[in-house]
Amino acid sequence: MGQEEEQAEGGRCVTGRLAPSRQVSSGQLGHTGTGCSMADPAQTQELVYLVTGGCGFLGEHVVQMLLRREPRLRELRVFDLHLSPWLEKLDAGPVRVTAIQGDVTQAHEVEAAVAGAHVVIHMAGLVDVFGRASSETIHMVNVEGTRNVIEACVRWGTRFLVYTSSMEVVGPNTKGHPFYRGNEDTPYEAVHAHPYPCSKALAERLVLEANGREVRGGLPLVTCALRPTGIYGEGHQIMRDFYRQGLRLGSRLFRVVPASVEHGRVYVGNVAWMHVLAAQELERREGLMGGQVYFCYDSSPYKSYEDFNMEFLGPCGVRLVGTRPVVPSWLLVLLAALNALLQWLLRPLLLYAPLLNPYTLAMAKTTFTVSTTKAQQHFGYEPLFSWEESRRRTIRWVQATEG
Ligand SMILES: NC(=O)c1ccc[n+]([C@@H]2O[C@H](COP(=O)([O-])OP(=O)(O)OC[C@H]3O[C@@H](n4cnc5c(N)ncnc54)[C@H](O)[C@@H]3O)[C@@H](O)[C@H]2O)c1
Ligand SMILES: CC(C)[C@@H](O)CC[C@@H](C)[C@H]1CC[C@H]2[C@@H]3[C@H](O)C=C4C[C@@H](O)CC[C@]4(C)[C@H]3CC[C@]12C
């Protein structure tokens, strides 16, 4: 371990690090090399990746995708506030997996994790549109946490940073303007009031503005931001909540949003693949990709949020009642407002955070779909999983959740 890493090691908050005896390696796993496409012996394994938020819904898929699709990987650092048990069962082959329990709002913890890394994929964040966290906390994690990651890259000489942004950096905006099959250059009034999209927009701007900054060693930092639309797939907790709600209502859900509203959705495996590909190509195409944003989507059909969910919940026995909204729009607005009032009144006693609130209703009612070839043109992105395969995998997961 280099001197820099040792210094950083001293400050590293590594409570969850796998002790050497517990490093995941092919020897201890009796790895036969059949489970996943392991590192190509011809490829030298010299890269250290840091994935922040690596234990989250998307993070788990990015970790798995890196282990399968980055043959140059020597060490994979998984940094998260909450480490997951599945890390212990990873089939990592010859790759050293270092689990780091840490907080992106703590600069010293971020620095300890970044020191010595070649690439950082920064996904850690509070994805909260249900009022669970305060706006201050959302800002601290999503914005200040991202600032800490950038400064750590500059200080420790890490040159490549991929940031997981979001479609919400663009919209839907506070005026409910639709965004129909738009791309990265489509004019749109991106005005936000909710803490989450505000924080993602600020964080994305920090990342893009950091592109070109000199890092330790004198070379420039190269950054890009990926903007997934609504991600679905194995591990999507909101999908699980809808399924459970449907089971509670007698295997029924009630349509509350017009079927004509279109939502862009993207399979988590394709989002993970786009992150890995962008990280790999960022070095080879830094002049083209540096400082750029890319929408992240695939061939998942454009449908209303509810109809899209039924692609998976229908085969699991749930049916959607109503070809039109079963309640008038004004009543839905009133109910959402009442939920927000209840949340505020109950906050000193308990956390009341239902799916329906003024923001989620506005999101659900506003068309937001993307159609673009920028990622394909800039770094050759093509979805790894077809719609049929994405649907099959998600249905299998939903069926297993209640099994
Ligand atoms: N889920 C979506 O539909 C979607 C769409 C677009 C973009 N995104 C973005 O993708 C990223 C991952 O989202 P997700 O859906 O996997 O959410 P998630 O909540 O499952 O994962 C976020 C991870 O970040 C970790 N984290 C939170 N606060 C932290 C802190 N202070 N320090 C360290 N780790 C912390 C959490 O423990 C969690 O493991 C987020 O940045 C989110 O904005 C998500
Ligand atoms: C209760 C009904 C009105 C029901 O239809 C509400 C659905 C609502 C919970 C979702 C509708 C749109 C979703 C958001 C969208 O898919 C994109 C997002 C961006 C991403 O960065 C984080 C997740 C999310 C905000 C996603 C959250 C759930 C919805 C608001």
Side-chain angles (χ1 to χ4, degrees), residues 13 51-63 78-84 87 100-106 109-110 113 121-130 132-133 137-138 140-142 144-146 148-149 163-172 194 196-197 199-201 203-204 225-233 235-239 241-242 245 253-258 261 263-268 271-272 275 295-297 304-309 320 325 327 329 332-333 335-336 339 353-369:
C13 170
V51 176
T52 73
C55 292
F57 162 44
L58 175 58
E60 181 173 355
H61 290 268
V62 169
V63 165
V78 182
F79 181 95
D80 204 299
L81 194 61
H82 306 295
L83 294 179
S84 300
L87 273 172
I100 306 170
Q101 190 280 327
D103 184 343
V104 288
T105 66
Q106 302 303 306
E109 294 180 13
V110 175
I121 297 179
H122 175 42
M123 295 181 288
L126 277 182
V127 186
D128 180 22
V129 291
F130 305 106
R132 297 190 180 105
T137 304
I138 292 172
M140 275 307 292
V141 174
N142 293 356
E144 296 312 313
T146 300
N148 288 339
V149 169
Y163 173 62
T164 311
S165 182
S166 170
M167 56 171 263
E168 280 193 270
V169 167
V170 175
H194 192 281
Y196 176 71
S199 71
K200 295 301 288 184
E204 181 189 278
L226 308 184
R227 292 172 174 170
T229 54
I231 307 175
Y232 71 93
H236 188 211
Q237 297 313 305
I238 297 175
M239 180 77 68
D241 295 343
F242 273 109
Q245 188 180 63
L253 288 169
F254 298 89
R255 184 189 298 278
V256 295
V257 172
V261 176
H263 265 259
R265 304 293 290 276
V266 59
Y267 176 61
V268 64
V271 182
H275 278 75
F295 275 120
C296 176
Y297 80 117
S304 77
Y305 197 83
E306 294 166 327
D307 287 305
F308 190 86
N309 286 350
L320 185 60
V327 291
S329 177
L332 208 56
V333 170
L335 290 172
N339 275 343
L355 285 173
L356 175 64
N357 65 50
Y359 184 74
T360 60
L361 178 57
M363 286 280 295
K365 291 195 310 185
T366 308
T367 285
F368 196 101
T369 50

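Just the heavy atoms: all of them, side chains too, but no hydrogens, waters or symmetry mates, feed the values below. All ligand and atom numbering here is 1-based and tracks the order in the structure. These numbers come from a predicted model, not from an experiment.
Taking a distance limit of 4.0 Å, we find that atom 25 (C) of ligand 2 is approached by some protein heavy atom.
Heavy-atom proximity to atom 24 (O) of ligand 1, evaluated over G125, G102, G230, G56, is greatest for G125. Taking all heavy atoms of I231, T164, N142 into account, the minimum distance to atom 4 (C) of ligand 1 is reached by I231.
Between D103 and ligand 1, at least one pair of N/O atoms sits closer than 3.5 Å. Between F79 and ligand 1, not a single N/O pair is under 3.5 Å apart. Ligand 1 has a nitrogen or oxygen under 3.5 angstrom from a nitrogen or oxygen of L58.
Heavy-atom separations between Y196 and ligand 2 include at least one value shorter than 4.0 Å. In this structure, T229 is part of the shell of residues with a heavy atom less than 4.0 angstrom from ligand 1. Look at S165 and you'll find a heavy atom under 4.0 Å from some atom of ligand 1.
For atom 2 (C) of ligand 2, the closest heavy atom belonging to the protein is V256 CG2, 3.8 Å. Annotation: atom 1 (C) of ligand 2 to nearest protein heavy atom, L356 CB, 3.9 Å. M123 O, 3.3 Å is the protein heavy atom nearest to atom 11 (C) of ligand 1. Y305 CE1, 3.6 Å is the protein heavy atom nearest to atom 13 (C) of ligand 2. For atom 14 (C) of ligand 2, the closest non-hydrogen atom of the protein is M363 CE, 3.5 Å. Counting only heavy atoms of the protein, atom 28 (C) of ligand 2 lies nearest to I238 CD1, 3.8 Å. For atom 38 (C) of ligand 1, the closest heavy atom belonging to the protein is D80 OD2, 3.6 Å. The nearest heavy-atom contact from the protein to atom 6 (C) of ligand 2 is A364 CB, 4.1 Å.
Each of the atoms 16 (O) of ligand 2 lies under 4.0 Å from some heavy atom of G230. The distance from ligand 2 to the heavy atoms of E168 drops below 4.0 Å at these ligand atoms: 18 (C), 19 (C), 20 (C), 21 (O), 22 (C), 24 (C), 25 (C). Below 4.0 Å from some heavy atom of H263 lie the following atoms of ligand 2, by number and element: 12 (C). Atoms of ligand 2 lying under 4.0 Å from at least one heavy atom of S166, given by number and element, are 19 (C), 20 (C), 21 (O). Interface atoms of ligand 2 facing V127, defined by a heavy-atom separation under 4.0 Å, are 22 (C).
Under 4.0 Å from ligand 1, not a single heavy atom of M167 appears. Residue Y196 touches ligand 1 through its side chain alone, judged by heavy-atom distances below 4.0 Å. Contacts of V127 with ligand 1, taken as heavy-atom pairs under 4.0 Å, involve the side chain alone.
A centroid separation of 6.0 Å or more is found between the aromatic rings of Y359 and Y196.
With sequence neighbours excluded, no residue satisfies side chain to side chain donor-acceptor pair (under 3.5 Å) with S329. Annotation: salt bridge (charged side-chain N to carboxylate O under 4.0 Å, His left out) contacts of D103 (sequence neighbours excluded): none.
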